[in-house]
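Remarks on the structure that follows.
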There are 2 protein chains.
Amino acid sequence: MAVTLAEVAAACRVSISTVSRALSDPDKVNPQTRARIERIAQQLGYAPSRAARSLVSGRTDAIGLLVPDIANPFFPPIMKSVLSRARDKGYAVLLADSDEHAADESELARDLGRQADGLVIASPRTGETELAELAAQFPVVFVNREVAKAENVVIDETEGIREAVEHLVALGHRQICYLAGPRRSWSNQQRRTALARACTELGIELTELGPFEPQIQAGLRAADLAHSGGATAVIAYDDLIALGMMARLTERGMQAGREISVIGIDDSPMSAVAHPMLTSIHVPAAELGSAAVDLLLARLRSGESSAPARTVRLETRLVIRGSTGPAPVDRR
Amino acid sequence: MAVTLAEVAAACRVSISTVSRALSDPDKVNPQTRARIERIAQQLGYAPSRAARSLVSGRTDAIGLLVPDIANPFFPPIMKSVLSRARDKGYAVLLADSDEHAADESELARDLGRQADGLVIASPRTGETELAELAAQFPVVFVNREVAKAENVVIDETEGIREAVEHLVALGHRQICYLAGPRRSWSNQQRRTALARACTELGIELTELGPFEPQIQAGLRAADLAHSGGATAVIAYDDLIALGMMARLTERGMQAGREISVIGIDDSPMSAVAHPMLTSIHVPAAELGSAAVDLLLARLRSGESSAPARTVRLETRLVIRGSTGPAPVDRR
DNA sequence: CGACTGGCTGCTAACGTTTGCAGCAATAGT
DNA sequence: ACTATTGCTGCAAACGTTAGCAGCCAGTCG
């Protein structure tokens, strides 16, 4: 079906090797014949067989991308930048979605790893040792997660969270409620401790509700809990929970930024649909993705080993919109 | 690095072919030796080389998935079902995102097609002839788009749209405004004509605004246009436009379901974040994806040709929530 | 004028599988 | 007791590519 090197060679009346060289190592072949070969290959519609090439080179020119939930709006921007960066570098992308099911992730990753040169893994929930095993087996870059002795691209929330707390303090809030994410989630732990630190430093009280799944539904539940608990300001584990919370508040006749101030984390594009628009801690999603790909490809080029396991740390900042406002006097 | 058939064979003191058969065609080998081989292969951690297998079989056990925009919440549910169905059937998924850039789609698809056994393509904008060429070159199933002589999985909006119009009529609306999607979008055309038909049949007036990009931003713009145009009820090309419109209405102190009734199409999960929740025409996203995979794999099994190019048509229905309400008396 | 160099090309092995064919026991059939 | 048959195993070719090695011709230098 597909046209092979042999057919091109026959049409050009040269050997297979010459055609191969003409197309993949042009300097080694006479300019004239090279031109002829290129022309004929072109008009015969020759395309090298990936499989054959893989077999001899040992590479697949593909990377695997594993995310916990495509439907979580946090991920698509990351995926998009992974896709475009990979494509720029000549790599295809194999996708897998673990459906927030940590138990399957290891197996999914292993399957992916078998068909790709390396992996980009966003896995908030899986255990550190399990991930370390993966990293020992394949070239892996972890996104939004720091695994010891592996390459990571992580978000440093401290600055954004500090700004958020300062912002709330400036608005007169004296107590902040954290709507926690999944207990085993790495970034939940990060955010939690960053928040705790910021709060003690600024001398205000921190409470916590949850854990909540990173889904809108959970946010609805969180809203009622937070309200009945008398909170005046909440910082949610992520935008989904924050958005769900706002939706529920509105439904109950309240408004974020008045009765309760709400801050999300991720600054996903969805924050614009809410009213008022969601104050959120912006994370540079596109950079997350492209940095991960760059790190991975560098690793691949550097011959698999030696490289001293870097961690890239990306800054966050607070984006103030309408969902935060002065602390209400009556409820303080 | 990786362990090969040859190494397993050596360890078992049998020939390579026997190992190969023991693992992929178990009936043809003595149960005892088979057991031994399986055990040893297992403990050596043998995994067949995809590349070598591909080379001889001509298959890659992967399918390509091309979508116009991962960040559009319409697609993730479809992608999820494609992923899980493909995985169930033993196929990996290669992903590409055209960024709503129709011009690149053909090339992206061709690249994908070269590395996969078949393609699932969601391409609203690209020209019919271009897609037909693709379908002639690779096994392709189109999602949410009907291409002649090719396999398609499409949404039949007529029922859902008819229900939507009836719903609005029942609420006293006498005029409906359609917030059009991209002019060249296939589903926009479908929705437009289905709407026109429903409106004439039910004897109410139809106007149109747009075109709008399927993005929240466009919805904000649409809101102001629709409001100043005096519309009492709009049906948007998709949920994103509808949600953007609602956000803008709220911002301007109005509420969907009172001053203006808003209906979206897609019923994406995001409809729950809006207040009031968005009345929308539900499309069975999961079925779209799995049907596409099933169709594609059937096609692959059936030996590439002969099969009489089916089109699977999925029904839609209206899901009524809070964004639709009685027509306001003062503005009718 | 002979040897050497260097540019170009072809032969061949190798990558790891699958698979048709042949060999070879042991069993069954006559 | 001899052939047919069956059940299992091994050999070798093939898939399409890359790359090391050797060969060849022309040109250059001594």
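By convention in this document, chain letters (A, B, ...) are assigned in the order of the sequence lines, proteins followed by strands, and residues within each chain are numbered from 1. Quick caveat, the model's predicted, so the values are computed rather than measured.
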Whole angstrom is fine here: how far is it from [atom1] in [X] over to [atom2] in [N]?
X	N	atom1	atom2	result
K28(A)	dC21(D)	NZ	P	12 Å
D27(B)	dG7(D)	CG	P	12 Å
D25(A)	dA19(D)	CG	C1'	10 Å
R13(B)	dG10(D)	CZ	P	12 Å
Q32(B)	dT9(D)	CD	C1'	15 Å

How far does [atom1] of [X] sit from [atom2] of [Y], to the nearest 0.5 angstrom?
X	Y	atom1	atom2	answer
E7(B)	C12(B)	CD	SG	11.5 Å
I16(A)	T4(A)	CD1	OG1	7.0 Å
L288(A)	S81(A)	CG	OG	7.5 Å
K89(A)	L297(A)	NZ	CG	7.0 Å

Interface polar pairs with nucleotides 14-17 of chain D, N/O, under 3.5 angstrom:
unit_1	atom_1	unit_2	atom_2	d
dT17(D)	OP1	Y46(A)	OH	2.6
dT17(D)	OP1	S49(A)	N	3.1
dT17(D)	OP2	L5(A)	N	2.5

Practice problem: Give one of base, sugar-phosphate or nothing for T33(A), where a contact means two heavy atoms less than 4.0 Å apart. | Solution: sugar-phosphate
Quiz item: D104(B) and S98(B): side-chain donor and acceptor closer than 3.5 Å?
Solution: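 Side chains of D104(B) and S98(B): no pair found under 3.5 Å.
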Self-check item: Any side-chain donor near an acceptor of the partner, T126(A) and S123(A), under 3.5 Å
Solution: yes
Quiz prompt | Listed partners of E100(A) passing side chain to side chain contact (heavy atoms under 4.5 Å, CB included), at least two apart | solution = P68(A), D69(A), R125(A), P214(A)
Quiz item: Would you say D99(B)'s side chain and H101(B)'s backbone share a donor-acceptor pair under 3.5 angstrom?
Solution: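 Checking the backbone N and O of H101(B) against the side chain of D99(B), no donor-acceptor pair under 3.5 Å is found.
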Quiz prompt | Start and end of the DNA chain C segment that chain B contacts, any atom under 4.0 Å from a heavy atom | solution = dG16(C) to dG20(C)
